[in-house]
Chemist: 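Sharing a structure here in structure tokens format.
What's counted below: heavy atoms across the whole structure, side chains too, no hydrogens, waters or symmetry copies. Labels below follow one simple rule: chain letters A, B, ... track the order of the sequence lines, proteins then strands, and each chain is numbered from 1. Please read these numbers as outputs of a predicted model, since none were measured by experiment.
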Amino acid sequence: MVKEIERYGIPIVHMATITTISESVGANRIVPTVAIPHPVGNPSLKSEDEKIMRKAMVKRAVDALATEISEVTHFE
Amino acid sequence: MSDGFKVLYYVNQFFGQIGGEDKAGMKPEFHSEKIGPALGFEQLLKGEGQVVGTIICGDNYFNENKEESLEYILNLVKQEAPDVFVAGPAFNAGRYGVACAEISRAVAEELNIPVVTGMYIENPGLDTCKQVAYVVSTSDNAGGMRKALPAMANIAYKLGKGLEIGSPEEEGYIARGMRKTIIVEKRGSLRAVEMLIKRLKGEEFETEMPMPVFDVVEPALAIKDLSKATIALCTSGGIVPAGNPDRIQSASAQKWGKYDVSGRDALNAPDFYTTHGGYDPVYANEIPDRVAPLDILKELQKEGYIGNVYEFFYTTTGTGTSVSNAVKFGTEIGKELKEAGVDGVILTST
Amino acid sequence: MKHLIITNNPLVAEKYENVLWTDGSVEKTLIIVRDFIHQGYELVSHPLAASLRMLFSPYRSIIIDKKKEKLNFEHAQIIEDSIIKYKKHMDLRKTDEKTRDDYKKIDLLLLEAALSEEQGKWY
Amino acid sequence: MRLEIGRINITDIQLGNETSVQNGVLTVDATSLIAKLKEDDRIKDIKIDIAKPGDKVRIIPVKDVIEPRVKISGGNNGFPGVTAKPAQCGEGRTHVLYGAAIVTVGDIVGFQEGVIDMWGEGAKWTPFSQTYNLTVDINVIDGLDPHTHEETVRLAGLRAAEFVGQAGKDLTPDEVLTYEMDSIFEETNKYPNLPKVLYAEMMITQGLLHDTYIYGVNAQTILPALLHANEELDGAVISGNCVAACDKITTYQHQNNSAILDLYAQHGKEINFMGCIMIPEHTTLSGKMRASDYTRKLVKMLGADAVVVSEEGYGNPDSDLLIICKKCEHEGVKTVLITDECAGRDGMSQPLADTAAEAVAVVSGGNVSHVVTLPPADKVIGNAEAIAVLAGGWEGALLEDGSLQCELNAVIGATSEIGYHNVTCRAY
């Protein structure tokens, strides 16, 4: 899916837990996430902390879209 | 001649000698005579087959009225009941190639009639039909007609006579991606040792099992100004509106869904939940934004960090979804996003 | 007990205590294993057997290890690939029910061989 | 180490009152053979029969195939560590009844397959349609546990091969092949400019019906071990693997390992063939990591430039194959892999589920899912009911005229992963 969307020339960032799979499906911009059942969240944190963590992670993804890259890049 | 096998031929307006670009809008027609390449084709069938007619259709008409054209052509083919169907060759012509490909696939799959066509290796129609039709590899322009027709006729002859078709190298067609089990002269270990020696000498060698080639897409250019950009949110984590109105499968998804989220601040429970069958759903059902973080994106929009969150949210399930479906989903979703002028996409996976 | 055996084989469930019994198909068993791997457990034994014939088995037992802090990506990939491979075969075939009792026995014996390899380790 | 293999060409087989070879005709005294095998009191009943190339005969379910041989000098007769006291294999002289084979038959568990057709379509797909086969159908006493049952059948086959092999003891071979290789240092001195090549042979070692033995040692318990190429050619390795019909390595194929023979043929010409690494295929992931790391280490220690890796089985062993390939390639050691593939009945599927970009040189032994139609046999040796097992798992296999449709995976040696057979796949 990632590849086909990017083929239209739209930058896409893949937020995924298993980054090896992410690479093998052809994602160029990758943000590693927390865990499979809750990629963009962490229920073991207090809700305020979880929110801060989540926001930072999504911001990183958005920033990745605005970052010029020439090869597969992990934004950690 | 009546004992020979019957061939039905398809060409576009140009090769059908109707006219050039000005006639590209013509509807499909059937002619009981042999026209254009069909004329020479019959002579190449060693007197054992005859071309019973030519279907001609304008390239633009076909591409703009696919379903209608296909239906009309399939009916014609049914009526004529040929033993072999031949289309093209289309060389590197895009619209003609797509027409040949779509018709070839439909005739082969729906009517179970063997099909021969011809294309240049980069013709955009190739992937549509190469698995079900014999596509002779041609040059990129009509100058290759004299080479292409005998190869196509030879395959048509074999198909018409029920003879076995040889390898792509022998017959000149483009490999269909089929792994054919065959018996060869040299045993496997000898082939392995020969391959090893070639490798050691730095000579060219050919693996018998090519690893799948992951075609690489160049990274798209970065967004220049986030504060003016429209960002779309997609997930393969199966987050759907309560009740799963589009019945998105929990695994081996056959479809994707899109939902208007322009009036929402978050994908909160219980309006949304996950239908994904591949992970423990507790955390996602508690806060669906943990899988697809619409809430944060909306916050970033309010803060002016990004321009806008695209009004539709796209979703499907990743588990067990076949590669071909994933490609199809991506192509369909990407097309919509492109047309909507979306500047960037966040795709989350579980 | 250090290991957990995920199995749909009643012989295994009878014999061992550290068992998660899944009353279902091999595919369901593999999916349960995957869910554990996704939570951070590690694979001890490979999810697939070593021969085509054993793919017909209605029973499969897989050993997993303790939960770790972080997801083991390699193991996640192995279980995902195994499920794909298993499904690819079984979409066309059916489990061999006629000799299910023999498959039960062999699955147990192969599991025991795997367990014996793991004896005397603590890591 | 120097091994002479004296071939006594066998051109026919019959049962008779003595065990001998005359003018290429192998005669087997079935009564004495049965008496010999029944010294093992776990055996209830033995049926001996013969199957010749071209006969409309089907053998099923096949457990193992073994070449009858006799040791003339050096080492011990039989299979050292199993049917004979431990001794060095690979030295001295061994006589082979070339063209003959012992084929053991019998159910250990109900789902066993493994067919050899001696004629027609089926014959194309198995190398053992070309051998003059003495079939040994083994029935054991009631109440044996599966391990003991399997061992009884395995030993009976080896002992039968030993018994029949005696017929070649006092004969002058039709042809003598010599396999000679000194220490790795001496060979490297002889051929300083030739690339150093190892053969890495993976073996199924996962438990009952999935075992391989080296000098009688269950290879599940070993670290990857270095063997002189002569050892395997002289009976050091035997098969206890009898479920993966199409891609198991029978004992006969260990005795005549085609990968070893074809590498040997190039020794001193194009390559410096240094020997074999015997690699256990574990079922545990830690075992897989250990065995692949250890293999890489041996390859590095011996300074190999290249390695041929062969697989046995299908499923979890595919992981081992690709891990070994990756580790060797990352060390700069060039690999060539031999495996088989599953591309679906129509051949349209991706052949492997696992892939590695490093696997650039792969030999395919064919598609295990390729469907063949086997016409009805005039005579079935073994258990005719086992034919239904071939069809097990999918419908429409038994056709109206009595022909049987089955996948290649049921045919012994069809898609050999040591490259013993002539089958492959091509992109069409």
Chemist: Please state whether the side chain, the backbone, both or neither of Thr335(D) comes within less than 4.5 Å of a heavy atom of chain B.
Modeler: both

Chemist: Sort Ile165(B) into side chain, backbone, both or neither according to what part of it lies under 4.5 angstrom from a heavy atom of chain D.
Modeler: backbone

Chemist: What part of Tyr134(B) is in contact with chain D, defined as an atom under 4.5 angstrom from a non-hydrogen atom: side chain, backbone, both or neither?
Modeler: neither

Chemist: Can you confirm whether Lys180(B) is buried at NZ, in the sense that more than 12 heavy atoms of other residues, nucleotides or ligands lie under 6.0 Å from that atom?
Modeler: yes

Chemist: Is the number of heavy atoms from other residues, nucleotides or ligands under 6.0 Å of Lys6(B) NZ greater than 12?
Modeler: yes

Chemist: If you count heavy atoms of other groups shown closer than 6.0 angstrom to NZ of Lys335(B), is the number above 12?
Modeler: no

Chemist: Distance from Leu408(D) atom CG to Thr181(B) atom OG1, nearest 0.5 Å?
Modeler: 6.0 Å

Chemist: Around atom CD of Glu331(D), are there more than 12 heavy atoms from other residues, nucleotides or ligands closer than 6.0 Å?
Modeler: yes

Chemist: Let me see the working for Leu196(B) and Lys334(D) under side chain to side chain contact (heavy atoms under 4.5 Å, CB included), right down to the final yes or no.
Modeler: CA-CA 8 Å; Leu196(B) 181 87; Lys334(D) 297 185 170 68; 5.5 Å; no

Chemist: Nearest 0.5 Å, please: how far is OG in Ser189(B) from CG in Asn257(D)?
Modeler: 7.5 Å

Chemist: Quick one: of Cys425(D), Ala259(D), Ser416(D), who has the most non-hydrogen atom pairs under 4.5 Å with chain B?
Modeler: Cys425(D)

Chemist: Count the heavy-atom pairs under 4.5 Å between each of Gly366(D), Ala359(D), Ala343(D), Gly365(D) and chain B, then report the option with the highest count.
Modeler: Ala359(D)

Chemist: Under a 4.5 Å heavy-atom cut-off, does chain D meet the side chain of Ile183(B), its backbone, both or neither?
Modeler: both

Chemist: Enter the distance from Arg426(D):CZ to Met178(B):CE here, rounded to the nearest 0.5 Å.
Modeler: 13.0 Å

Chemist: Please identify, among Val308(D), Val360(D), Leu261(D), Leu263(D), the residue contributing the most non-hydrogen atom pairs under 4.5 Å to chain B.
Modeler: Val360(D)

Chemist: Identify the heavy atoms of Met209(B) and Asp340(D) that sit nearest to each other, and give their distance.
Modeler: CE-O, 3.9 Å

Chemist: Does the pair Arg199(B)/Glu270(D) count as a salt bridge with the N-to-O cut at 4.0 Å?
Modeler: no

Chemist: Chain B heavy atoms under 4.5 Å from Val197(D): which part of the residue, side chain, backbone, both or neither?
Modeler: side chain

Chemist: Report yes if some heavy atom in the side chain of Val336(D) is under 4.5 Å from a heavy atom in the side chain of Val193(B); otherwise report no.
Modeler: no

Chemist: Counting only heavy atoms closer than 4.5 Å, note whether Glu171(B) contacts chain D via side chain, backbone, both or neither.
Modeler: neither

Chemist: If every non-hydrogen atom of Ala361(D) is compared with every non-hydrogen atom of Phe205(B), which pair is closest and at what distance?
Modeler: CB-CE1, 3.6 Å

Chemist: May I ask you to say whether Arg187(B) pairs ionically with Asp262(D), meaning some side-chain N is under 4.0 Å from a carboxylate O?
Modeler: yes

Chemist: Please give me the minimum heavy-atom distance between Leu200(B) and Ala306(D), naming the atom from each residue.
Modeler: CD2-CB, 3.8 Å

Chemist: Side chain of Asn422(D), backbone of Val184(B): donor and acceptor closer than 3.5 Å?
Modeler: yes

Chemist: For the CD atom on Glu203(B), are there more than 12 heavy atoms of other groups (residues, nucleotides or ligands in this structure) within a distance under 6.0 Å?
Modeler: yes

Chemist: Quick check on Lys201(B) against chain D: is it the side chain, the backbone, both or neither that has a heavy atom closer than 4.5 Å?
Modeler: side chain

Chemist: So for atom OH, which belongs to Tyr98(D), do other residues, nucleotides or ligands contribute more than 12 heavy atoms lying within a distance under 6.0 Å?
Modeler: no

Chemist: Can you tell me which residue among Lys186(B), Glu208(B), Arg179(B) is in a side-chain hydrogen bond (donor to acceptor under 3.5 Å, both in side chains) with Thr424(D)?
Modeler: Glu208(B)

